[in-house]
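Order of the sequence lines sets the chain letters (A, B, ...), proteins ahead of strands, with each chain counted from 1. Side chains are part of it too, since the values below use all heavy atoms of this structure and drop only hydrogens, waters and symmetry mates.
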Amino acid sequence: MSDALLTVENVTKVYSRGGLFGGGTFRAVDDVSFTLRADRAEIFTIVGESGSGKTTLSRMILNLVTPTEGAILFRGSDITHLQSRSARMRFMAAVQPIFQNPFEAFNPLSRVDRYLLTTARRFCGATTRAEAERMADNALRKVGLSFIEISRRFPHELSGGQLQRVAIARALIPGPSLIVADEPVSMVDASLRMAIVNLFRTLRDELGVSIIYITHDLATAYYISDRIIVMQKGKVVESGDARAVLENPKHPYSILLKSSVLSLDAVLEGELSE
Amino acid sequence: MLRIIRDLFRYNLEFALGSILTGIVVGLAALSFFSPYNPLDTYLLPPDVPPSWTYPFGTTSRGQDTFWTLTFAMRNTLLFGFSVAILSRILSLLIGLISGYVGGFTDRVLMSINDTFIVIPLFPLLVLFYFVMRDYMSWALLALVMAFLGWAYDARLIRSIMMSLKEREFTRTSIFSGMSMREIVLREHLPYVLPVVFSTTLNNINWSIGLEVTLSVLGFTNLDTPTVGTMIFWANQHSAMVSGVWWWILFPTLFVTITFIGLFLLAVSMNEYIDPRSRLGRMGGGIA
Amino acid sequence: MRSYALYVAKRLVQFVLVVFIGISLTFFITHLTPIDPVEQMIASMTAFGDTSPEAILRMREALRELYGVEGNLVDQYVTYWGRILTLDFGPSLSAFPTPVATLIARALPWTIGLLFTCTMLAWLLGNVLGGLAGYYRKSRTLKLLGVAAMGFHPIPYYIIAFVLLIVFGYIWPVLPISGGSAQNVSQAFSVEYAGSVLRHAILPALSIILVSIGGWFMGMRALVSNIISEDYVVYAELGGVPRKRILSFYVMRNALMPQITGLAMSLGAIFNGAIIVEQVFSYPGLGRLLIGAVYSADYSLVLGVTAISIIAVSASVFLIDILYPVFDPRVQLR
Amino acid sequence: MTVPMPQTETSPVLSVERLRAYYQMKYFGIDREVRAVDDITLHVNRNEIYGLAGESSSGKTSFIKTIAAANRPPLNVVGGSVKFSFLDRDIHHLDRDAVAAVRWKHLSYIMQGSMSVLNPVRRIKHSFFDFAFVHIGRPRPEFWDIVATHLKRLHLDPSILEAYPHELSGGMRQRVTIALATICRPEFIIADEPTTALDVVVQKSVLGMIRNVQREMQSSMLFVTHDMAVHANIADRLGIMYAGRLVEEAPTRAIFTTPRHPYTAHLIESLPRIGDSGLKKALGGSPPNLSAPPPGCRFHPRCPLAGEICRREVPALTSLAPGHRVACFAASPAVTAAASVESTEAAR
């Protein structure tokens, strides 16, 4: 199995929720396992409501949170054992995050190009500013922007959609093989949402980048994902091919989720279904 | 940076007033370098001369020119206040940073110790310290002790800012952009911390000058060095009020009050500048 | 209520920690200094008269035993705590043989009385006016009050007290400027005595209130101007709830809690102010006792007052901390 | 002074005529004007949920603040009128107390922030008392009975009156807010993204609850959200806002089956649906900056059908079918230029 891109083996995360004298414990993620193939890029979606543990799981995959039990292997080696800085840098060059709120992901007091240029310098060894700008521009073009457009701008001077695209471009600079996107479009306007969702598709097809896509929106999940896992209160209740699972879910919770999705057929055909 | 200062000056009343008042006081202290008299010599001039053209602030019962003595007093007091503030910043920044960043158990331990220093009344301790040291007491030692006792309030402030910055999403973006922890603190977090450090420094200067004046007036410091506090002490010693030498009391009290208000206004204006939203507003942030 | 007991237990631990560190500080300060307090005492006592050598010898024995300077540092530390816990600070040297404890017992009510009334008055007044200033932004009088609050707040207690002393002492002598009550009035519980106590307390109280009220005023105004834009206030306004009711039950009620913690945190500083103001107006509280003791080199009295100050302040902070959950229903969960 | 106008079945409960409200600010000496609400005309009838859709910078939040007279400077009403059936004149011509008297009795609100809408330090029952006691006008014991029955009718257990807000879940808090907003049986309810902060499962049941309570009270409701799927399940009639203007308005079914404005068509077409994985086209460009809007029709920079006239003239909201109005020259030749102050300004 060592050729798998990412292996999540029985990962559990327990938070203690008591004061000084201890208190109840809370299992945010409970015995989750799945693997991502290395040979073919795919979009692997984690679906669940708030409190289902999907964000904690994504934080563990990004090595921002250490699991209480189980292991996460990236290309065969356990990421929790990355001690040396160079090992961590190599990991980060291959696995990059996209966060939910672009306005929070960028420091409001510094210009956006600082993150692009630093990523270029630190991961791709760009020595001169021109070289770093060229790399940044190259990545920005992949998301439909250009360096001149966003250079020396503060985050609040760009729209949510533009800023999220800059975030994606920044993640693309080191040429990662895995992007972990936590609800990347929930804060973006509807008209721009499709542009970014389609972008993930092109990243998979043209750049061969695998994507872990975290969302509570089943409809977008259906549109974009290859494989899917449904999480409830930290546990995986159902998993498999995205279209198959969403078209006829087996687990009662997945069925409940699907029936709660607001469909348009009510207004297109009959009266409002209760 | 200058543009920001100019903006602040034009649009922020507290900053403008604060800098004028502080400017007056610092100017007065600077004049001490041009004083024709040596501050330690007494009985050079006719005593108890009311303010006049020759002696703008009059002369004291000890035959000194009130104006020139005040310039030395102001210089020493400001120097003392500044040095205590700088020393205590080192402690509050250190403890605030460590507690904010390390978090968990260390944070809880550091903060409970920190809270004790906030609660304990410091004046009796300083008096006890003077009483026990008496003639071994020097300005440097007093500054050290006050710095050691005066960092707690600001350490908690800096710690809470650190805690919130550590949780901000852009910290994680910086990590994944390859920035080292040191670089993140210096380039991403410092713009949020500096204004707080600056405004707490100003408040700390006020705090230490206030204590210096109080201790000196009671005679609990080295009474030979001219400071605002010792000046008022000698005025009381010669019961200036009773004998009508009002100017000996008025001018030191007046100018030290100007110092307090000036520094305080600067600190308040700095607080307003701290809030990034208002700074963004000033940079013409858009309206959604 | 179980979590409330947990909360009180935690605050008790903090209280014990404060007293422990505070008292240890006083121990280290007194015992790590180069000069030996007993020698210094003897030097100042025998500076004038021609006391005989054996008398000096006997006095040195008594003083050494009295200050527990026997044995190594650890033994001294233990005996020191023994004496602190039994509030036995030995006899006062300047007012020999009355024990320090009785002197303090006589002075403590004056300080606590002054401190408690002024702090409560300043806190309530400052919060109410600050809240109004934060909510009714346009009113001119509240803006002026704001400027006054800003003007007085940074000035230390000593300067304000000193200026008041001069104004009411020399320029417009209408108020008593020294002492706790008129000398010729008997100490009994008569209306006349109470009246005189009140009159004598006016200037010290005024000095403390003038300085501390500004802090509460500005703190509350800043809190209120943030709370105004909170969802529950906007929603109450949309609900047609009368503005007065919104101000008291929605805005000030939520701003109260940070101000309570603020009160607990600034009590130490206000205590300092009270001591200094007592000295300026020779008010018969702990402050005057402490500074008088320094002038008369009364070692045990200085030590006693410092220790009691620390215990008194941390006890009142503990009391405020326990009251906090009464105002904040969410704290029970912590 | 608040004697309601004669209530005929068809006369609208809310009629907004050419309403204009701008953010007027001064930044370091330079005047900035953001045209958040620009010449909007719409009516809401009795027993009808009027849905208002639009993206974050479409000005829909500023619009509902203005019609509820909750706009604070720098958002000022520049022109047009807002008339409610229960008021004899424009709400903006009434003084603060007159408006307050109407609040909650005739006009109530459901807000998005379900987390912090209720006073965190007082029990739920105090909110009911503060908001409704005056308007119900009954002695206390009877008042609490009315509240209890109202809660039971909405399948809520009256014991929550004793709870603090932080002790309830997000969904429960929103249900309490809905009960609060409907206790006085007001004629008009404004709902500002009431289900956006909720999880999918809770969202569906809360929408059902809003639907039932509105139908049972025959009240009018203005339901604002950016989520078209929510509108499809709750709104009777739907208005689409773009950059401060109403670009299309029609019964919900017509909007979804025969959208006439290219922006509306895009919003519907780009909605992902389970069972349909065909490629969804994305819209170019980004929402305009309202402080410097493009001349003519504000959608023209992003519009696939934009012609020469679209860049110069502002399309007026023209009725193409009964109850179906659209503001787009490409939609049909019948659409003419709006004779509003806008075009004269564009010419300047």
Taking everything shown except [X] itself, do over 12 heavy atoms lie less than 6.0 Å from its [atom1]?
| X | atom1 | answer |
| --- | --- | --- |
| D/Arg72 | CZ | yes |
| D/Phe133 | CZ | yes |
| C/Phe116 | CZ | no |

- Query: Taking C-beta and beyond as the side chain, do C/Phe249 and D/His126 meet within less than 4.5 Å on heavy atoms?
  - Reply: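 C/Phe249 vs D/His126: side chains apart.
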- Message: Counting heavy-atom pairs closer than 4.5 Å to chain D, which one of C/Leu238, C/Val241, C/Val234 comes out on top?
- Response: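 Of the candidates given, the most pairs with chain D belong to C/Leu238.
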Interchain contact, [X] with chain C, by part (heavy-atom threshold 4.5 Å):
| X | value |
| --- | --- |
| D/Ile190 | neither |
| D/Phe129 | side chain |
| D/Tyr109 | both |

- Message: Quick check on the interface: out of D/Val99, D/Leu180, D/Val121, who has the most heavy-atom pairs with chain C under 4.5 Å?
- Response: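 The candidate making the most pairs under 4.5 Å is D/Val121.
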- Task: For salt bridge (Lys or Arg N to Asp or Glu O under 4.0 Å), just list the numbers for D/Arg96 and C/Glu237, CA-CA rounded to whole Å, side-chain angles, deciding distance to a tenth of an Å, and then say yes or no.
- Result: CA-CA 11 Å; D/Arg96 184 188 281 257; C/Glu237 276 158 5; over 6 Å; no
- Message: Donor-acceptor pair, distance only, cut-off 3.5 Å: does the side chain of C/Tyr235 make one with the backbone of D/Asn119?
- Response: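 Side chain of C/Tyr235 to backbone of D/Asn119: no pair is present.
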- Message: Ignoring hydrogens, what is the shortest heavy-atom contact between D/Trp104 and C/Gly239? Give both atom names and the distance.
- Response: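 Closest heavy-atom pair between D/Trp104 and C/Gly239: CE3-CA, 3.3 Å.
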